[in-house]
Every structure is written in C-alpha cells, then in structure tokens.
There are 2 protein chains.
Amino acid sequence: MIKVSIFYPNGDDIEFDVNYYRQQHFPLVRSKLGAALLDDAIEVGICGAHTGEIPAFAAAGHLYFESVEAFQTAFAPHMKAIQSDLPNYTNARPLLQVSEVVNTKESDHA
Amino acid sequence: MIKVSIFYPNGDDIEFDVNYYRQQHFPLVRSKLGAALLDDAIEVGICGAHTGEIPAFAAAGHLYFESVEAFQTAFAPHMKAIQSDLPNYTNARPLLQVSEVVNTKESDHA
C-alpha cells in the first residue's frame, strides 16, 4: 500500500482552515478519487520536538492507495478540480510525498 | 488522539536502514513505551510530487498516543535509550512533530 502525504509547511503568515479542509475539501477529494482511495487521514500540528516549539507543518492530509499507479490513474483526471480548491482553505504551498507503507504489525516470517 | 511523527529528511548522503528500523528500533520503542503507545506506523519515501523526484523524507515513523501528556510521560524516562539507537539505522537528523489527529470518519453531528 502507498501513502500520498500532503504537508502544509508552517510559517508566521500561514493560514489553514481545518474545518473547510475536513468538511469541504476531503469530501471533494473522496468523491473524485472513488474506490481507489482506500483510506485517508488528517492531522493538525500541535508543536515540534518541545512544547511551544512551532510545528514544521500546520497540517497534513494523507491518502492511501494500493499502488502508485492506482493513485496516478485516479488522481490525474481530477487534479485541477482538487488543486483549484487549495486557496479556499490555505495560503501554504503544499509539499507532496509518496511513500511505501511498511507493515509493522507482522513478523518477517509471514 | 495525538500522533508523534519522526521524519528523516532526505539528502544525497543520507542512509536509512529500513530493516533495522522495523525489526530492531520499533520493537525497542514499543517495549519502552508500553501501553501508552496506541498504534504505530512506518513509511519509506518513494518520490515527491512527480515520479522520479526525490522524496522530502527518506522515511518516517509515527507513534500514536491518547494525549501529549501520555506521550511525554511514557517517553521521558526512555528518551536516551531510544535516541541513542539512532546511529544504528540512519545518519539523518530527525525532525519531530506532534499533531492532533482529526477525525475524518464521522460527521460533525455526533
């Protein structure tokens, strides 16, 4: 399984509307990606390594797919519709990363 | 629920031993944190926004706790033991972020 993470880097002038992201943007993303989207997650930065230290990311969204190909196939036709919603919830410039999810729950002796 | 993310920034000279991280480091972390650790996850970077683009993070580990306090209480006594294992799997300088996990599965009308 792969995970597409969209990180929203923090900064003094960064605004992020969590309610819009959760209630409007994620439903839009889900409706566009359909069954290829296996799971999703949202988190909002609290702090860095120490209490009170500004977190590197104001927020992040994560989308899970079976493979990179499944992501690309599902995302490509809707990229503009999804990306054009960005100014409605943040002025941050998102950082995207595609990662392989490592199975931490089973031993190597599967 | 909160999520403690440890990101390992990528670079030309960055090495990351995924097998050690998964098979040695994570079991160590779990044994130290005990029941306060609700869940965990590991991912390995594949690419950035485009295929072939180097991912921002070589790898990342995520630890879930009920609260920031639960994390701090569980982690503090074992910080040195956990952190001193770092050179055994990477030469990257980890970036730590604490985030609030946003519930994306239920409506606001709960």
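Each chain gets a letter, A, B and so on, in the order the sequences are listed, and its residues count up from 1. Given the structure is predicted, the values throughout are model-derived calculations rather than measurements.
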| said: Is there a continuous path of hydrophobic side-chain contacts, each under 4.5 Å between heavy atoms, that joins A:Val29 to A:Met1? | reply: no
| query | Which of residues 62-94 of chain B have a heavy atom under 4.5 Å from any heavy atom of chain A? | reply | B:His62, B:Val68, B:Gln72
| query | For B:Asp13, does the CG atom sit with more than 12 other heavy atoms under 6.0 Å from it, leaving out its own atoms? | reply | yes
| message | If the contact rule is any heavy atom under 4.5 Å from chain A, which residues of residues 32-60 of chain B qualify, in numerical order? | response | B:Asp39, B:Asp40, B:Ala41, B:Ile42, B:Glu43, B:Val44, B:Gly45, B:Ile46, B:Cys47, B:Gly48, B:Ala49, B:Thr51, B:Pro55, B:Ala56, B:Phe57
| request: Pick one of side chain, backbone, both or neither for A:Ile6, based on which atoms fall under 4.5 Å of a heavy atom in chain B. | output: neither
| message | Test of understanding: clusters of I, L, V, M, F, W, Y form through side-chain heavy atoms closer than 4.5 Å, transitively. Do B:Val18 and B:Tyr8 belong to the same one? | response | yes
| query | What is the minimum heavy-atom distance between B:Arg22 and A:Asn103, and which atoms define it? | reply | NE-O, 2.6 Å
| Leading residue by heavy atom contact count with chain A [cutoff under 4.5 Å; candidates B:Lys3, B:Arg30, B:Gln97, B:Glu100] | B:Gln97
| field | Closest-packed option against chain A by number of heavy-atom pairs under 4.5 Å, given B:Thr104, B:Val4, B:Leu95, B:Val101 | value | B:Thr104
